[in-house]
Number of protein chains: 2
Amino acid sequence: MKTKVIEFERYMEEKGLKSTTQRDEIVNTFFNVKGHVSIEELHHTVQKKNPKIGYTTVYRTLKLLTESGLAHERQFGDGQARYEAVTTEEHHDHLICLKCGTITEFENMKIERLQEDVAKEHGFKVKNHKLELYGYCKKCRNEVK
Amino acid sequence: MKTKVIEFERYMEEKGLKSTTQRDEIVNTFFNVKGHVSIEELHHTVQKKNPKIGYTTVYRTLKLLTESGLAHERQFGDGQARYEAVTTEEHHDHLICLKCGTITEFENMKIERLQEDVAKEHGFKVKNHKLELYGYCKKCRNEVK
DNA sequence: GTGAAATTGAAAATTGATTTCAATAATAGT
DNA sequence: ACTATTATTGAAATCAATTTTCAATTTCAC
C-alpha cells in the first residue's frame with residue numbers, strides 16, 4: 001500500500017513530526033498485514049524484521065495512524081483494541097465468529113440508509129457508527145449446537 | 001420494578017445463593033436508576049443509601065444480574081462497562097451523543113431483517129448483535145460545528 | 001557539523017476488571 | 001434458639017491492557 005504510506009508521510013510533515021526508521025517499518029508492516037491486528041500482534045510481526053522496535057513505539061505509531069484517519073481502532077469484546085487499515089471511503093461493518101474469532105467485513109447500503117432515517121427521527125446527527133453481528137461462521141456453525 | 005426484583009430472588013434461590021441486605025439494596029437501586037450505569041456510578045448511588053456497601057459487591061451483583069438475564073453488559077467505547085436493565089424481550093440499539101454522553105435507545109425491525117439477510121449471504125448464524133450510532137443529539141448538534 | 005526539538009524504549013504508573021482471604025452473616029437442621 | 005455449614009462481604013492484592021515518564025538517542029533545519 002504505497003499510497004497509504006505516502007499519505008502517512010504527508011500527515012507527519014503537516015504535523016511537524018519526524019520520519020524515523022521505526023515508524024517506517026511499523027507503518028509498512030501495518031499496511032501489509034491483512035485484517036484486524038492488536039498492538040501486541042503487530043509488535044510481534046514488526047519484531048521479526050527488527051527486534052529492536054519496542055511495544056511503546058508500535059502503540060504510539062498506531063495512535064498516529066488512527067489520528068491521521070488511516071487506521072480505525074475497534075473493540076470487539078475480546079479485551080484488547082484492534083486496528084484496521086482504512087482502505088476505501090466506504091464504511092463497512094463486521095461479522096464476528098464467537099468460536100474461531102474470524103472477523104469478516106460487509107457493506108450494506110440499505111442498512112446505512114435506514115440508520116440515517118432512524119437518526120433523523122431523533123434529530124440526531126450521525127458522525128460514525130458501529131454494527132457488529134456476533135455468532136457462528138459457516139465453518140463453525142455445524143460444530144456448535 | 002417489583003417484578004424484576006422477584007425474578008432476581010427466584011434466580012438466587014434456584015442457584016442456592018443467599019439473600020442479603022447488600023444485594024437487595026444494590027438490585028433495588030439498579031432497577032430504579034434509568035439508563036446505562038457503570039459499576040462506579042451504581043456504587044456511588046448505592047453508597048448514598050448505605051455507605052458500607054463496597055465496590056466489589058456492586059461489581060459481583062451486576063455480574064449476577066447479567067448471568068440471570070436481567071441486565072445487559074455493554075461497551076460504549078468510553079473504556080468502562082455499562083449495565084442496563086433488560087425490560088422487554090425486544091432487542092434495541094443505541095444512539096450515543098459524543099458531546100453530552102446521552103444514550104438513547106431505538107428499535108428498527110427493518111434493520112434487524114436486513115441484518116439477517118446479510119448473515120445468510122455469508123452462511124453466518126447470528127447469536128446477537130450491536131448497532132451503535134455515534135454523533136450529536138438534537139440538543140448538542142447546534143452547539144457543535 | 002551543531003543545536004533545538006522530537007523520538008525511542010524500558011520501566012513505572014494508571015485504569016478498569018477480577019480474585020483472594022479473613023471476618024461476618026445467612027440458612028438448614030436439630 | 002443454637003450450632004454447623006456454607007455463602008457473602010469488602011479491603012487489599014492481582015491482573016491485563018493501556019498510557020505516561022524520562023534519560024538516552026536520533027532527526028532535521030540551519
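Just so it is clear, the structure is predicted and the values come from calculations on it, not from any experiment. Residue numbers start from 1 in every chain, and the chains themselves are labelled A, B, ... in the order their sequence lines are given, proteins ahead of strands.
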Quick one: are the ring centres of His94(B) and Phe76(B) less than 6.0 Å apart?
-> yes
Crowded around Glu40(B) CD? As in, over 12 foreign heavy atoms under 6.0 Å?
-> no
Please give the angle, rounded to 10 degrees, between the axes at the start and the end of the helix from dG1(C)-dC30(D) to dT30(C)-dA1(D), where five pairs define each axis.
-> 30°
For nucleotides 11-18 of chain D, 5' to 3', base contacts (B), sugar-phosphate-only contacts (S) and non-contacts (-) with protein non-hydrogen atoms under 4.0 Å give BB----SB
In chain order, what residues pass the salt bridge (Lys or Arg N to Asp or Glu O under 4.0 Å) check against Glu7(A), with sequence neighbours excluded?
-> Lys4(A)
Counting any heavy atom closer than 4.0 Å, what does Ser19(B) reach on the DNA or RNA strands: base, sugar-phosphate only, or nothing?
-> sugar-phosphate
May I ask you to decide whether Arg74(A) forms a salt bridge with Glu84(A), counting only side-chain N to carboxylate O separations under 4.0 Å?
-> yes
Do Tyr11(A) and Leu70(A) have side chains that get closer than 4.5 Å, going by heavy atoms?
-> no
Run the salt-bridge test on Arg82(B) and Glu73(B) with the 4.0 Å N-O cut-off and return the result as yes or no.
-> no
Give every pair of a protein N or O atom and an N or O atom of nucleotides 5-7 of chain D that lie under 3.5 Å apart, one pair per line with the distance.
residue: dT6(D); atom: O2; partner: Lys18(B); partner atom: NZ; Å: 2.4
residue: dA7(D); atom: O4'; partner: Lys18(B); partner atom: NZ; Å: 3.0

Across all chains, not counting sequence neighbours, the salt bridge (Lys or Arg N to Asp or Glu O under 4.0 Å) partners of Glu132(B) are Lys130(A)
Shoot me the first and last contacting nucleotide of DNA chain C against chain A, ordered 5' to 3', at under 4.0 angstrom to non-hydrogen atoms.
-> dA5(C) to dA11(C)
